[in-house]
Enquirer: 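First the structure, which I've put down as structure tokens, then a few questions once you've had a look.
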Amino acid sequence: MTSTDAAAPASDIAPTGAAPDDAVLDDAVRTQLDADIAELRKGSRTWSGLTLQQRITLLKALRTSVAAATADWANTAADSKGLRANHPLRGEEWLGGPYSVLGALDAYADTLSKLAAGRGALDGITLGRAPGGRTKVEAFPLTGLDRFLLSGFTGEVWLQPGITPNTARQSAGLGQLAPDAPGGVGLVLGAGNITAIPVLDVLYELLAHNRVVLLKVNPTQDPLVPVYERALAPLIAPGFLRIVRGGADVGGYLTAHRDLDHVHITGAAATFDAIVWGPSTGSSKAVAATRRRRRENRPLLKKPITAELGGVSPIIVVPGEWTDDDITFHAEHIATMRLQNCGHNCIAGQVVLMSRDWAQAEQFRTALRRAYAAAPERPIWYPGSPKRMQQAAEDYPDALVLADRLLVEVREGADATALQSTEYFAPVLGVVDLPGTGQEFLDAAIAHANDELQGTLGGNIIVDPVTEKAMGTGLERAIAELRYGSIAINAWTAFGFITPTMTWGAFPGNTIDDVGSGIGVVHNALLLDGVERSIVRGPFRPFPRWISDGIRQRGSLSRSKRTILPKPPWFVSARTGAKVSEGLTRFRAHGGALNLVRTLLAALRA
């Protein structure tokens, strides 16, 4: 469901980065790339001439072609990752591929329709106040269907301090406020792990920045290129998009191309640095030149760049009085955060922060070991991940080896440095003990996540309704202190990734000198300006347990989020997850009440 090749060393993912010293671009390839860029320069002028209504018509045509490609898209992606035809986790490729793109197309079309009608992009959307005087936009749910199917889940976007509600409404729309202003041609260096990411990045370039796009796919996505070309044909035909394959030689040539105006990369910080400053490995002469450029602040890249680069994501478990079912459910929840897509996600939870003073700590640890080991086995398919698994095993020789995955339990006094500073991008999960309970624990965990974990892309908090109520405003204050671009409360931040009206990117403040988890945001179908972070909230208990357990636990029912979802289909332990994910995508693509009823019945058997 989200993410990137963020953890991969530059040597493993050089195909999306700058070319190494010995990479030589074939003349025929160079000629074709130049021709593609020339066509895009023409296409940029055509794009600037389109009215908003014409762009809406184009988005609708694009939706039709994507809908026609859903099955081919999902099945090609699943096959390329080694998931056999009946594998229980094939549903990931429906949700993390065509489902996400269809949702984005619908949301962008709605925003453009408001603007075309002379209304504001945020017309009909509630704005409020968040801690620290921030403005928040209630960005999910916005449709009756989402309120029904995803009841219990909400999302809000917090804007940077100083942005008032009035300013937020005036600035929402970004490039579509002046659609005739040319944005030039942008280069998107596509992610290698989640198949929706390259397409979503293309859409954001077009609609947020008025830039037509040259998309270079990661070689792991090569099997999908024919599917992309069919699904995105309405963008390709008029010269708004070109899709190219290639390795490090192609990537290096394109990032330096004078007729490309901007670069966006979803990948690794090492690759970002190689593009901006030059190689950090290889010949001593090249490395010395890179260091000199850094010292003298003379970047190799002569054009603006944005990036989404991942990080080490925390899962903060706030102690409370949980039922046995609560413990089982959230153990499976955490296993999902790590094992979805085999851990090859920039937003995969990696470090569980829990209280050593929690009375149920050992019971939860036992349940987590069980859930982590019981998840369906699958291939470790992403290039370089086996090597990083070996690195983790060497870092922590006492780690539990559970099937094809590692569980690292760092007890009091042990060294958690490697776990907290290395994004393994593989099925490696760690548990780190901290002292305290209640607000004291939460504040300590927030500070630990901010100060000890690498990156600022996404953080997760699990807290039961009774404990949340006892904290009063403490949880909201803690959220305001957590410096991550996406935060999930009783949910996984990947839910924010597939929700198009939420934003996706690192916490603001990174620069090309210290890029961290990246620069800028994507998705953002409301086209908000001045984004600080997105926050999603989910139900602590699924249906129907939020009713029965809430009645048994005084005060819990009134605070519980109501939901019709039993175990969500993205859980790796959901028995009908593949069927439900496919059904939801087909319904999103084609509608059909009977299909929806069948999908909901399957969800009840998860």
Side-chain angles (χ1 to χ4, degrees), residues 1-8 13 15-17 66 69 73-74 76-78 80-81 92-105 107-108 186-208 213-225 227-228 231-232 235 241 243-245 251 263-268 271-272 306-311 340-348 381-383 423 425 457-458 485-486 493-500 502-506 517-525 534 570 585:
M1 208 167 309
T2 156
S3 250
T4 73
D5 46 358
I13 60 168
T16 62
V66 170
W73 184 331
T76 301
S80 72
K81 295 180 180 182
E92 293 176 357
E93 301 311 315
W94 289 84
L95 293 182
Y99 179 90
S100 297
V101 172
L102 288 165
L105 290 169
Y108 280 126
L187 169 65
V188 169
L189 298 172
N193 60 336
I194 298 295
T195 63
I197 293 177
V199 181
L200 295 174
D201 291 348
V202 166
L203 293 175
Y204 198 64
E205 287 288 291
L206 280 167
L207 298 170
V213 180
L214 179 66
L215 167 64
K216 193 195 89 63
V217 298
N218 187 294
T220 63
Q221 305 286 13
D222 278 354
L224 271 162
V225 169
V227 180
Y228 286 154
L232 305 179
L235 295 179
L241 173 67
I243 303 173
V244 300
R245 297 178 172 94
V263 176
H264 178 77
I265 176 175
T266 299
T271 304
F272 179 95
T306 53
E308 192 267 89
L309 305 174
Q340 200 270 353
N341 200 29
C342 203
H344 308 323
N345 288 336
C346 66
I347 201 60
W381 64 271
Y382 200 85
E423 187 186 4
F425 213 68
L457 185 61
S486 183
T493 46
F495 185 88
F497 171 87
I498 66 170
T499 303
M502 306 298 286
T503 60
W504 190 253
S517 288
I519 298 170
V521 299
V522 290
H523 304 183
N524 187 23
S534 282
W570 54 86
T585 306

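Residue numbers run from 1 in the order of the sequence given. Because the structure is a prediction, the values reported are computed rather than measured.
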Enquirer: Report the residue from T266, D201, I265, V522 that forms a side chain to side chain contact (heavy atoms under 4.5 Å, CB included) with E308.
Expert: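 Option passing the side chain to side chain contact (heavy atoms under 4.5 Å, CB included) with E308: T266.
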
Enquirer: Return the CD to NZ distance between E92 and K81, rounded to the nearest 0.5 Å.
Expert: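 Answer for the CD-NZ pair, E92 versus K81, is 7.5 Å.
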
Enquirer: In chain order, what residues pass the ring pair (Phe, Tyr, Trp, His ring centres under 6.0 Å) check against F272, with sequence neighbours excluded?
Expert: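 In terms of ring pair (Phe, Tyr, Trp, His ring centres under 6.0 Å), with neighbours along the sequence ignored, F272 is linked to no residue.
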
Enquirer: Any idea which heavy atoms bring G97 and A196 closest together, and the distance?
Expert: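 Closest pair (atom of G97, atom of A196, distance): O-CB, 3.6 Å.
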
Enquirer: What residues, two or more places apart in sequence or in another chain, satisfy side-chain hydrogen bond (donor to acceptor under 3.5 Å, both in side chains) together with S486?
Expert: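 None.
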
Enquirer: Measure the acute angle between the ring planes of W570 and F495, then classify it against the limits of 30° and 60° as parallel, tilted or perpendicular.
Expert: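 Tilted: the ring planes of W570 and F495 meet at 30° to 60°.
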
Enquirer: Determine whether the aromatic ring centres of residues W94 and Y99 are separated by less than 6.0 angstrom.
Expert: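 So the answer is no for these two rings.
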
Enquirer: Looking at V202, V188, L203, which one forms a side chain to side chain contact (heavy atoms under 4.5 Å, CB included) with L241?
Expert: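 It is V202; the other options fail the test.
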
Enquirer: Return the CD to CG distance between E423 and L309, rounded to the nearest 0.5 Å.
Expert: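 Reported value, rounded in 0.5 Å steps: 9.5 Å.
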
Enquirer: Considering non-hydrogen atoms only, spot the tightest contact between G343 and A348 and give its length.
Expert: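 For G343 versus A348, the nearest heavy atoms are O-CB, 4.1 Å.
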
Enquirer: Who passes side-chain hydrogen bond (donor to acceptor under 3.5 Å, both in side chains) against Y108, sequence neighbours left out?
Expert: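 Testing Y108 for side-chain hydrogen bond (donor to acceptor under 3.5 Å, both in side chains), a comparison that skips the adjacent residues, returns none.
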
Enquirer: Mind checking side-chain contact (heavy atoms from CB on, under 4.5 Å) for T220 and listing every partner two or more places apart, or none if nothing turns up?
Expert: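 Checked T220 against side-chain contact (heavy atoms from CB on, under 4.5 Å); matches are N218, W381, Y382, P383.
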
Enquirer: For T195, enumerate each residue passing the side-chain contact (heavy atoms from CB on, under 4.5 Å) test, keeping only those at least two apart in sequence or located in another chain.
Expert: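 Result, side-chain contact (heavy atoms from CB on, under 4.5 Å) vs T195: W73, A77, E93, Q221, L224, Y228.
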
Enquirer: Could you tell me the separation between the NZ atom of K216 and the CD1 atom of I243, rounded to the nearest 0.5 Å?
Expert: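 That separation rounds to 12.5 Å.
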
Enquirer: Main chain of H264, side chain of T306: is a donor-acceptor contact present, judged purely on distance under 3.5 Å?
Expert: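 Pair absent, no side-chain N/O of T306 close to backbone of H264.
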
Enquirer: Roughly how far, to the nearest 0.5 Å, is CG of N341 from CD1 of I347?
Expert: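 Going from the CD1 atom of I347 to the CG atom of N341 covers 13.0 Å.
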
Enquirer: Excluding sequence neighbours, so at least two apart, what forms side-chain contact (heavy atoms from CB on, under 4.5 Å) with S517?
Expert: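 Once residues adjacent in sequence are excluded, the partners of S517 under the side-chain contact (heavy atoms from CB on, under 4.5 Å) criterion are T456, L457, A506.
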
